[in-house]
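Note that this is a predicted model, so its numbers are computed, not measured.
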Amino acid sequence: MLEAGVDKGAVETASGPVGASAAGAPPGDLDLVTVPARQGLEAVDILRLRDGVGPVLHDGDCDTLGFLVPPGTADGWDLPGSACTQTYGGGRASSRRGADEPPVAGTGWLVPPDGAFVAATDPVVLRAALGEAARTIEAVDRCR
């Protein structure tokens with residue numbers, strides 16, 4: 001499973017900025033929602049169509065995807081089949097990695113920060129996209 005620790009700063013979601021800094025600043029100590037890759041890929045497509053996808057990580061084995069979401073999301077995240085991890089980055093990632101490198105060791109960007117519509121995916125929007133993705137996968141699997 002992916003674990004995160006990323007730089008401090010403002011976070012921009014589809015609903016607007018979260019944090020004290022202006023939009024476009026580096027991501028803050030974001031939480032990370034991880035889901036199985038198949039459901040995550042469907043959700044990424046849904047979010048891209050609606051201009052709501054933030055940066056997305058994939059693990060080295062491509063088993064899971066991780067959506068960067070605003071800090072505090074983990075406190076109330078309860079979607080079955082997914083997990084949300086609080087981050088405790090405190091700027092650790094910036095000292096070890098370049099700006100274009102993922103903040104979690106052993107991962108890569110599926111949607112890099114410069115290719116995302118927002119700095120973090122809105123958790124409400126993500127929850128809806130993951131639900132829609134699960135229903136799509138269920139429908140496809142029934143047709144086989």
Side-chain angles (χ1 to χ4, degrees), residues 1-140:
M1 184 180 293
L2 303 171
E3 294 180 21
V6 293
D7 303 331
K8 293 185 182 251
V11 177
E12 176 83 10
T13 69
S15 304
V18 176
S21 302
D29 281 340
L30 301 173
D31 288 356
L32 184 73
V33 172
T34 54
V35 297
R38 186 175 179 202
Q39 183 181 15
L41 290 169
E42 288 287 340
V44 166
D45 285 344
I46 292 164
L47 292 167
R48 279 185 171 155
L49 289 171
R50 299 180 183 145
D51 294 344
V53 70
V56 180
L57 296 166
H58 63 81
D59 67 0
D61 295 331
C62 295
D63 292 330
T64 60
L65 294 185
F67 293 83
L68 294 179
V69 293
T73 300
D75 295 338
W77 191 261
D78 61 354
L79 187 66
S82 68
C84 189
T85 306
Q86 289 180 315
T87 61
Y88 305 98
R92 290 186 326 220
S94 63
S95 63
R96 292 189 310 233
R97 292 183 162 72
D100 294 336
E101 292 185 50
V104 181
T107 66
W109 290 115
L110 178 68
V111 179
D114 62 355
F117 289 102
V118 292
T121 302
D122 185 309
V124 173
V125 174
L126 177 59
R127 180 182 297 275
L130 289 170
E132 187 175 336
R135 291 186 298 277
T136 299
I137 291 167
E138 184 180 322
V140 168

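- A distance of 13.0 Å separates CG in Asp122 from CZ in Arg50, rounded to the nearest 0.5 Å.
- The two residues Trp109 and Pro55 come nearest to each other via the heavy atoms CZ3-CB, 3.5 Å.
- Judged by distance alone, with hydrogens and angles left aside, the side-chain atoms of Thr121 form a donor-acceptor pair with the main-chain N or O of Gly54 at under 3.5 Å.
- Annotation: the span from Leu65 atom CG to Leu41 atom CG amounts to 5.0 Å, rounded to 0.5 Å.
- Counting all heavy atoms, side chain and backbone alike, Ser82 lies closest to Leu79 at OG-O, 2.7 Å.
- Taking the side chain as every heavy atom from C-beta outward, Trp77 and Val69 never approach each other to under 4.5 Å.
- Side-chain contact check for Gln86 and Asp29: no donor-acceptor pair (N or O, by modelled atom type) lies under 3.5 Å.
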Arg38 vs Val140, side chain to side chain contact (heavy atoms under 4.5 Å, CB included): CA-CA, chis, key distance, verdict:
CA-CA 12 Å; Arg38 186 175 179 202; Val140 168; 4.2 Å; yes
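- In this structure the side chain of Asp45 never reaches within 4.5 angstrom of the side chain of Glu132, judged on heavy atoms.
- Note that the CG atom of Asp59 and the OG1 atom of Thr34 stand 9.5 Å from one another [nearest 0.5 Å].
- For Glu42 (side chain) and Ala134 (main-chain N/O), no donor-acceptor pair under 3.5 Å exists by modelled atom type.
- Summarising the geometry of Leu30 relative to Ala119, their closest heavy-atom pair is CD1-O, 4.0 Å, with the distance given to 0.1 Å.
- At least one donor-acceptor pair under 3.5 Å links the side chain of Asp31 to the backbone N or O of Ala74.
- In this structure the side chain of Phe117 never reaches within 4.5 angstrom of the side chain of Val111, judged on heavy atoms.
- Rounding to the nearest 0.5 Å gives a distance of 7.5 Å between OG1 of Thr107 and NE2 of His58.
- Considering CD of Gln39 and CZ of Arg135, their distance stands at 10.5 Å, rounded to 0.5 Å.
- Atom CG of Leu68 is separated from atom CG of Leu57 by 5.5 Å, given to the nearest 0.5 angstrom.
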